[in-house]
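The structure displayed is predicted, hence computed values, not measured ones.
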Amino acid sequence: MASASSSGGVAGRLRNASLVLVSDNESTISDIRKAVTLMKNIAVQLEKDNQTEKVKDLENSVAELLDLYGDCAHHSSAIHSVANGYQPGEQLTDFKKLLDDEFMKLKATTPSVPENHHLMRQFREAVWNVHHAGEPMPGDDEEDIVMTSTQCPFLNVKCPVSGKPLTELADPVRSMDCKHVYDKASIMHYIATNPNAKCPIAGCRGKLKSNKVVCDPMLKIEIEELRTMNKQSNKDEVIEDFTNADDED
């Protein structure tokens, strides 16, 4: 009994320590996002002055920051995963190896490519729109403009159980297996009432376990980004509606 209590205490302290580490990492991620936004605004001004080379230098710097952003996100997820899955054994635990192995696994399964990051897309769109507002960017088909300008890091935009949009979820969680996102109360009830539960997304074979469906460190940040993108999209639609109305008059 004492051994079990001691193990539980160690696991609890580990989870508390992981929260501190993840919080520090999220502060870095937040600072990177702010820096990218500032660099985007500077690039727009430089593009207005036709200083193309300086804009390109800024874009390269943004790519470097987004590479760091991806590593920070993977480190946060690795810390969270190790802390929640830790089971004390008879031998001393090499936590550095556990974290390194989990980090490399995450980086291999969900690689971070700065060129494909939605923040890079927003940077390039802002610069492009200085002289080409309303025109598709090179490589874009016209029918893809809306989709690409609002791309987000999620595989689903609604909880498959509750039907709620991710932006309306007060308590979101994500499967560590298939990476789909759900409303916590809804998916936990689904798992509890379905032995050998699998992801309810059509075509997904991901297995669901209550300890593998979590609010990982990046989830709420990414949902907030999605809310911001949706607000900007709605704002653009309103502006377009007014423009069309003026044309008709």
Side-chain angles (χ1 to χ4, degrees), residues 1 3-5 7-19 21-23 25-26 29 70 73-89 93 95 98-99 101-112 116 118 147 150-227 229-230:
M1 183 68 68
S3 178
S5 176
S7 296
V10 170
R13 289 195 296 274
L14 180 61
R15 283 193 292 272
N16 289 337
S18 75
L19 292 176
L21 291 173
V22 167
S23 177
N25 229 15
E26 287 182 353
I29 290 171
H74 286 136
H75 276 299
S76 288
S77 295
I79 292 168
H80 191 274
S81 179
V82 169
N84 281 278
Y86 174 68
Q87 294 293 334
T93 302
F95 286 107
L98 283 179
L99 285 171
D101 289 348
E102 185 66 20
F103 172 78
M104 295 307 298
K105 183 175 73 174
L106 288 168
K107 197 162 186 175
T109 55
T110 55
S112 175
N116 298 335
H118 62 280
M147 181 189 73
T150 57
Q151 55 182 256
C152 68
F154 298 110
L155 299 178
N156 57 301
V157 294
K158 289 184 178 181
C159 170
V161 183
S162 68
K164 292 180 180 179
L166 302 191
T167 52
E168 295 180 10
L169 299 184
D171 200 4
V173 289
R174 177 156 45 197
S175 167
M176 296 172 64
D177 181 13
C178 64
K179 305 303 180 184
H180 286 119
V181 178
Y182 323 93
D183 170 66
K184 183 175 181 178
S186 300
I187 199 64
M188 289 305 178
H189 180 265
Y190 175 84
I191 293 172
T193 55
N194 287 274
N196 301 315
K198 292 185 178 180
C199 177
I201 293 283
C204 182
R205 298 181 179 180
K207 295 181 180 180
L208 296 179
K209 294 183 180 180
S210 58
N211 65 334
K212 294 291 184 179
V213 180
V214 299
C215 184
D216 62 68
M218 288 301 297
L219 183 53
K220 290 189 176 181
I221 292 175
E222 291 170 351
I223 287 179
E224 187 56 39
E225 289 177 355
L226 181 60
R227 290 191 183 106
M229 286 190 289
N230 286 349

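Here the straight-line distance linking atom CG of Leu98 with atom OG of Ser81 works out to 9.5 Å at 0.5 Å rounding. Here Glu168 contributes atom CD and Ser162 contributes atom OG; the two are 9.0 Å apart, rounded to the nearest 0.5 Å. Note that OG of Ser76 is 12.5 Å distant from CG of Leu219, once rounded to the nearest 0.5 Å.
Heavy atoms of other residues, nucleotides or ligands lying less than 6.0 angstrom from CG of Asn196 number 12 at most. Counting heavy-atom neighbours within 6.0 Å of Lys179 NZ, excluding the residue itself, gives a total above 12.
Listed here is the closest heavy atom pair of Cys199 and His180: SG-ND1, 3.4 Å. In this structure, Thr167 and Ile223 approach most closely via the heavy-atom pair CA-CG2, 4.2 Å. The shortest non-hydrogen separation linking Tyr182 to Pro200 is CE2-CD, 4.0 Å. Taking all atoms of both residues into account, the shortest heavy-atom contact from Val82 to Glu102 is CG2-CB, 4.1 Å. Listed here is the closest heavy atom pair of Tyr190 and Lys198: OH-O, 3.1 Å. Of all non-hydrogen atoms in Lys209 and Ile191, the two that sit nearest each other are C-CD1, 4.1 Å.
Residues Lys184 and Cys215 have side chains not in contact (no heavy-atom distance under 4.5 Å, counting atoms from C-beta outward).
The one candidate from Met176, His74, His75 that meets the side chain to side chain contact (heavy atoms under 4.5 Å, CB included) condition with Leu106 is His74. A side chain to side chain contact (heavy atoms under 4.5 Å, CB included) with Ile201 holds for exactly one of Pro160, Cys178, Ser175, Cys159; it is Pro160.
Here Asp171 pairs with nothing under the salt bridge (charged side-chain N to carboxylate O under 4.0 Å, His left out) rule; sequence neighbours left out.
Looking at Asp177, its side chain never comes within 3.5 Å of a backbone N or O of Leu208 through a donor-acceptor pair. A side-chain donor-acceptor contact under 3.5 Å links Thr193 to the backbone of His189.
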